[in-house]
Each structure stands twice: as structure tokens, then as C-alpha cells.
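Order of the sequence lines sets the chain letters (A, B, ...), proteins ahead of strands, with each chain counted from 1.
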Amino acid sequence: MEKGTSFLFSGITFDKKKFAADFSRFKEKKESDDLVESGKSEAEEGARPVKKRKRKATVADPVEGFNVFKTSKSSAQGIQQNDQEKSELSQAKKELNRQIERDALLRKKHKIHISGNNVPSPLENFSELSSRYGCESYLLHNLAELGFKEPTPIQRQAIPVLLSGRECFACAPTGSGKTLAFVCPMLMKLKHASKDGIRAVILCPTRELAAQTARESKKLAKGKKFYIKLLTKELLRSGDISKLPCDILISTPLRLRSAIRKKKLDLSRVEYLVLDESDKLFELGLVKQIDAVVKACSNPSIIRSLFSATLPDFVEELARTIMHDAVRVIIGRKNSASELIKQKLVFAGSEEGKLLALRQSFAESLNPPILLFVQSKERAKELYTELAFDDIRVDVIHADLSQSQRENAVDDFRAGKTWVLIATDVIARGMDFKGINCVINYDFPDSPAAYIHRIGRSGRAGRTGEAITIYTEDDVPFLRNIANVMAASGCEVPSWIMALPKLKWKKHRPQRDSISTKPKDQKE
DNA sequence: AAAAAAG
């Protein structure tokens with residue numbers, strides 16, 4: 001949390017300095033205002049005097065909010081001067097309220113929960129992109145071509161929010177189309193390629209996810225000459241990349257920060273910054289890197305957005321301090337698993353028991369592709385050597401492998417060459433493998449969030465999936481947390497598990513015996 | 001407490 005605070009304060013310091021002039025001007029203006037916010041927030045508002053701040057104000061009185069929060073152009077009209085204007089205003093109020101009702105209905109239907117000032121209406125369909133926002137035909141064509149027929153709930157709400165130039169934090173289930181929800185408005189807002197430098201940045205926690213996001217973005221931009229670049233080692237080596245045309249840059253945080261430090265690129269013109277898997281990016285160790293990137297994106301009118309399937313409160317709190325008048329979009333229940341996944345718990349007494357159970361279940365029925373998660377790189381290697389002798393096409397991926405080995409592992413799994421992919425949490429988030437039939441948690445996940453992301457590799461884009469979580473005696477204290485997630489997404493959980501005492505956090509993860517069929521002489 | 005993230 002201390003690291004988080006540093007992020008928070010550095011962001012604020014930056015804002016205050018940068019917008020000192022605006023800040024003092026704005027401060028005078030709202031001397032008599034009813035604001036009860038801290039100085040930090042004032043600094044932010046100073047940066048954007050046209051935008052309103054208090055969320056609750058709109059919730060309580062949307063119509064008043066509408067007028068007050070309008071942009072500077074219309075703020076003069078907001079002042080009631082004569083009767084005619086008053087009646088026009090009441091007409092507008094009525095129409096606005098009707099619209100608000102329609103929006104509420106659509107949101108209810110798709111389990112879209114929002115908070116924030118003056119949130120734009122959700123999309124009824126993709127063609128509204130052109131009627132409401134003048135979307136170009138290439139994009140609509142690509143959407144159709146790629147098989148996107150109906151917008152998913154997160155797309156319905158997050159796309160209009162971002163198109164309205166609003167910042168956004170979004171929480172929607174795994175496999176529900178978050179990437180499209182931020183790439184689509186990004187392409188629309190950027191309009192066309194330019195050589196003015198980097199205009200949009202997408203940060204992802206792993207290289208695999210960054211590569212996937214780059215590929216998806218390119219598919220969506222097909223037919224339009226956007227420069228979409230993945231920040232790779234090769235690209236960094238290729239000399240002066242600051243002059244390379246780049247509309248959208250996709251990177252992992254550390255690599256981007258090191259490029260910034262070496263003055264290899266300039267982020268001062270970045271208009272859009274997306275933090276994908278934001279809760280992961282806000283984790284200790286990564287948050288400092290994010291901080292550096294956020295600071296380097298010094299364009300005052302930048303639009304930042306956060307996306308994830310899990311959004312802990314502390315991340316929201318942290319995010320709120322750096323975001324301006326952000327809209328919060330939650331689909332379904334916050335921090336919940338996809339309801340398309342059939343989740344099961346399997347008890348295996350010991351490490352040997354696990355391996356035995358796995359072999360037996362593979363012998364009974366093998367329904368690839370299967371993704372198998374273990375706790376550590378070491379255990380991934382062990383299990384791989386153990387299974388490599390079996391008659392199964394098995395592969396392994398973890399961060400100790402070379403980049404090309406990692407790429408091959410992903411590609412082979414995508415191509416169906418690998419039946420069972422053994423993995424650490426390196427591919428637990430965001431990775432979109434088409435039609436994974438089964439996710440096996442060979443080792444118990446670290447946290448409910450890790451669980452949600454791991455099993456979320458299956459059950460994507462409306463397909464169903466299966467998730468099996470193996471547990472041992474050592475895992476029992478943490479079983480309740482996972483069982484809660486299961487129960488919340490409609491899976492059956494034995495009552496004895498639900499009766500287990502609640503556990504707030506783990507102090508120690510279980511020390512596991514090494515994976516082996518051989519009699520364990522190394523034990524004790 | 002591990003994994004990931006630079007070279």
C-alpha cells in the first residue's frame with residue numbers, strides 16, 4: 001500500500017505543477033462552492049475545470065447534474081434568465097428523464113452497473129456506433145467480419161463512455177470482450193493514422209497478453225492504415241524509435257519504463273492510456289513502473305481507463321485519485337467468475353495423489369485443449385518432465401523460458417498441437433485461447449482473483465467451459481474463499497466447505513512436496 | 001509468498 005501511496009502522490013504532484021495556473025483560477029471560481037473534497041482532488045479539478053466532481057450530486061439529481069456538468073460552451077445557457085428559457089429547460093429535462101429511463105432499462109437487462117456523472121447511454125447495437133458517433137465503415141465492416149454481432153454488456157457501456165471522452169474503470173467477467181471495449185473507441189477517437197508521435201498506449205502485465213492485444217487491435221484496424229506497434233526487444237534495438245510512426249503502442253510496464261528512461265520514446269502526446277488487467281498492474285512492484293508511465297504521459301487532456309475482471313477496492317481508491325470524473329462500469333457482480341464455467345473441486349490427499357488422480361482422469365477421458373496451472377516455475381518444470389513420458393502431447397510455459405520458447409508454447413497450444421499445457425500464472429490473465437475445454441488447477445490458486453482469472457481461460461465469448469480445482473489437506477483453510485466464488489457464479493459447493501471459517505488473507509502458501517511418482521526419500 | 005516485469 002505504501003507503494004500505492006507513492007503512485008498517488010506523484011500523480012498529484014505532477015497535476016498541481018502542470019496545471020498551477022488553471023488550478024488557482026478555478027479555485028477562485030469555486031470559492032463559494034459546496035465542495036467538501038480534499039486539496040488533492042481540487043488539483044485534479046483544476047486541471048479540468050469543465051468537469052464536475054461529486055458523484056453523488058448526479059445520482060441524487062440527474063437533471064441538475066446534467067446542466068451543471070455541461071461543458072464550458074453551454075454553461076452560460078445553464079443560467080436561467082427568463083421564462084422562455086425556463087420552459088425550454090423543463091422540456092429538455094423531461095426528454096432527459098425519458099432517456100435516463102430507457103438507459104436504466106437497457107442497463108438492467110444486461111446487468112450493467114454504473115456510477116459517475118452524466119454517464120452516456122449504453123449501446124443498443126453496433127450500428128449505433130455510426131449513428132451516434134460517426135463510426136467509419138471500415139470498423140463496422142471489421143466488427144462484422146470478425147463475428148461481433150451484438151455488443152457484450154461491457155462493450156455497450158464502456159464504448160460510449162470512452163467515446164464521450166470520459167475516463168473509465170471497468171470490471172467485467174473474463175472472456176466478455178474487454179479488449180474490444182477499449183480498442184474500438186480508441187480507433188474511433190484516433191480517427192486516422194498520423195506521424196505526430198505515440199497517441200495511445202496500452203499496458204498489459206505480460207508479454208503474451210501484450211502480443212495478443214496488439215494482434216487483436218490490428219485485426220480491428222484492418223483496412224485503415226493505423227500504426228499499431230508492440231514494444232519488443234527487437235523494436236527497441238532498431239535504433240531511434242521516437243521518430244517511428246506509431247498511433248497505438250502496446251507494451252509491458254517495465255519495458256516501457258526502461259525505454260522512457262533511456263529517452264527512446266516520447267509519451268507527451270499520448271491521448272489515451274489503457275491499463276489492462278489493472279489490478280495486476282497495481283500490484284506491488286509493478287505500480288512504480290505504472291507510475292513512471294503515467295507521469296511520462298504528460299498530455300493534460302489524456303483519457304485513462306482501467307479494465308479488469310477483478311477490481312479490488314484498494315485499486316479503485318487508488319485509481320480515483322488519479323482519474324478525472326471517471327465513470328465506473330461494473331458488469332454483473334464485481335469480482336465474480338464467468339457463469340459459463342462448470343466449476344468443480346476435487347480432493348487429492350497428497351502430491352502423489354494429485355499426480356495419480358491426474359493420470360487417471362486423463363486415462364478415462366482426455367478432452368483437449370486442457371490448461372493446467374501450477375504454483376511455481378519449478379513445479380511446472382517438474383510436472384512437465386513427469387508427464388512428458390506419458391502418451392500425451394504436453395507442453396509447458398513459464399517465465400524461465402526464452403521468449404521464443406514462450407511464443408512457441410502459446411502458438412502450439414493455439415494450433416491444437418499441444419493437448420495439455422502446463423503453466424504458471426504467466427498466462428492466467430487475459431489470454432484468449434479459443435475453446436479451452438478444461439482448466440485444471442493442479443495447484444490451488446493464490447487468491448480468489450487468481451482463481452477467477454485462471455478458470456476464465458475457458459468459457460469465453462459465450463462458450464461453456466469446465467474448471468477443476470484440486471486441493472489437499474493443506475489447502476483446506478483457503479477453500480472457503482474459492483467456494484464463495486463458485487457459489488456466487490451458480491455452482492454447487494458442499495455445505496461443509498461453506499461452513500469453514502472465513503479467512504481474510506493467507507500468511508503462508510502451502511509448502512508443497514515436489515512432484516514425483518518416485519518414493520519420496522527426500523522428504524523429512 | 002510466488003510470479004511477472006529490463007538487460
Side-chain angles (χ1 to χ4, degrees), chain A residues 1 3 7 201-214 230-239 241 249-265 275-294 296 308 310 371-384 396-407 409-410 421-431 441-454 457 474-475 477-478 481 503-515:
Chain A
M1 267 308 232
K3 296 267 169 67
F7 172 62
V201 169
I202 303 172
L203 283 180
C204 306
T206 62
R207 288 177 230 163
E208 279 72 18
L209 185 54
Q212 176 184 287
T213 306
L230 179 63
L231 193 60
T232 57
K233 237 185 250 175
E234 294 71 45
L235 188 65
L236 279 165
R237 264 203 298 264
S238 70
I241 57 167
L249 183 70
I250 299 149
S251 179
T252 47
L254 196 52
R255 186 166 281 169
L256 186 52
R257 187 186 68 174
S258 93
I260 294 166
R261 283 186 173 171
K262 291 177 193 155
K263 306 238 186 302
K264 286 209 161 199
L265 41 80
L275 307 184
D276 197 9
E277 305 294 343
S278 41
D279 55 328
K280 181 77 189 172
L281 294 179
F282 278 65
E283 247 177 39
L284 228 70
L286 275 167
V287 80
K288 273 191 162 178
Q289 301 158 25
I290 302 299
D291 192 16
V293 175
V294 169
S308 186
T310 49
L371 192 51
L372 199 153
F373 284 106
V374 291
Q375 182 176 280
S376 66
K377 294 182 273 198
E378 218 36 62
R379 290 176 62 78
K381 293 169 200 169
E382 283 172 18
L383 188 60
Y384 176 66
V396 65
I397 185 168
H398 52 77
D400 274 356
L401 300 178
S402 74
Q403 193 52 39
S404 65
Q405 284 174 313
R406 285 168 62 164
E407 276 162 26
V410 170
L421 182 60
I422 300 164
T424 58
D425 281 332
V426 66
I427 53 162
R429 282 170 174 265
M431 295 307 290
N441 288 315
Y442 189 83
D443 289 337
F444 210 70
D446 254 3
S447 64
Y451 176 75
I452 289 166
H453 287 279
R454 279 177 173 192
R457 295 320 96 210
D474 295 337
D475 301 313
F478 315 108
N481 283 333
L503 198 81
K504 268 265 158 84
W505 60 80
K506 292 188 189 190
K507 281 211 166 128
H508 304 287
R509 56 159 52 191
Q511 277 296 319
R512 304 193 187 281
D513 297 336
S514 62
I515 299 168

**side-chain N/O A/S376 vs B/dA3 OP1/OP2, d < 4.0 Å** = yes

**Request:** Return the nearest nucleotide to the side chain of A/A399; candidates are B/dA4, B/dG7, B/dA6.
**Result:** B/dA4

**Request:** Please work out if A/K233 contacts a base, only the sugar-phosphate, or nothing of the nucleic acid, heavy-atom cut-off 4.0 Å.
**Result:** sugar-phosphate

**Request:** Find out whether A/T424 and A/F373 are in side-chain contact, i.e. whether some heavy atom of one side chain is under 4.5 Å from a heavy atom of the other.
**Result:** no

**Item:** d(CG, A/D400; P, B/dA5) in whole Å
**Value:** 11 Å

**Request:** Quickly work out the A/I422 CD1 to B/dA3 C1' distance and round it to whole Å.
**Result:** 17 Å

**Item:** Separation of B/dG7 P from A/R257 CZ (nearest whole Å)
**Value:** 12 Å

**Message:** Any heavy-atom pair between the side chains of A/L235 and A/L230 that's under 4.5 Å?
**Reply:** no

**Item:** Under-4.0 Å side-chain N/O to phosphate OP1/OP2 contact, A/R255 with B/dA5
**Value:** no

**Request:** Step by step, work out the side chain to side chain contact (heavy atoms under 4.5 Å, CB included) result for A/I427 and A/T206.
**Result:** CA-CA 8 Å; A/I427 53 162; A/T206 62; over 6 Å; no

**Asked** Do the side-chain N or O atoms of A/R406 get closer than 4.0 angstrom to the phosphate oxygens (OP1, OP2) of B/dA5?
**Response** yes

**Prompt:** So what does A/R207 touch, heavy atoms closer than 4.0 Å: a base, only the sugar-phosphate, or nothing?
**Reply:** sugar-phosphate

**Item:** N or O in side chain of A/K377 less than 4.0 angstrom from B/dA4 OP1/OP2
**Value:** yes

**Listed nucleotide nearest any side-chain atom of A/T252, set B/dG7, B/dA6, B/dA4** = B/dA6

**Item:** Nucleotide B/dA5, atom C1' - distance to CD1 of A/I427 in whole Å
**Value:** 17 Å

**Request:** Let me know the distance between CZ of A/R379 and P of B/dA3, rounded to the nearest Å.
**Result:** 11 Å

**Asked** Mind checking what makes salt bridge (charged side-chain N to carboxylate O under 4.0 Å, His left out) contact with A/D276, not counting sequence neighbours?
**Response** none

**Item:** Distance in angstrom units between A/L203 CG and B/dA6 P, rounded
**Value:** 11 Å

**Request:** Select base, sugar-phosphate, or nothing to describe what A/P205 touches, counting heavy atoms under 4.0 Å on all strands.
**Result:** sugar-phosphate

**Request:** Could you tell me the separation between the CD atom of A/Q289 and the C1' atom of B/dA5, rounded to a whole number of Å?
**Result:** 6 Å

**Prompt:** A/S258 side chain N/O closer than 4.0 Å to the phosphate oxygens (OP1, OP2) of B/dA5?
**Reply:** no

For residues 396-407 of chain A, run the donor-acceptor check on the side chains, cut-off 3.5 Å, and write out each pair with its distance to 0.1 Å, sequence neighbours left out.
unit_1	atom_1	unit_2	atom_2	d
A/H398	ND1	A/D400	N	3.1
A/D400	OD1	A/K377	NZ	3.3
A/D400	OD2	A/K381	NZ	2.8
A/S402	OG	A/S404	OG	3.3
A/S402	OG	A/Q405	N	3.1
A/S402	OG	A/Q405	OE1	3.3
A/Q403	OE1	A/R207	NH1	2.4
A/Q405	OE1	A/S402	N	2.9
A/R406	NE	A/E208	OE2	2.7
A/R406	NH2	A/E208	OE1	2.6
A/R406	NH2	A/E208	OE2	3.3

**Request:** Let me know the distance between CG of A/D279 and P of B/dA4, rounded to the nearest Å.
**Result:** 17 Å

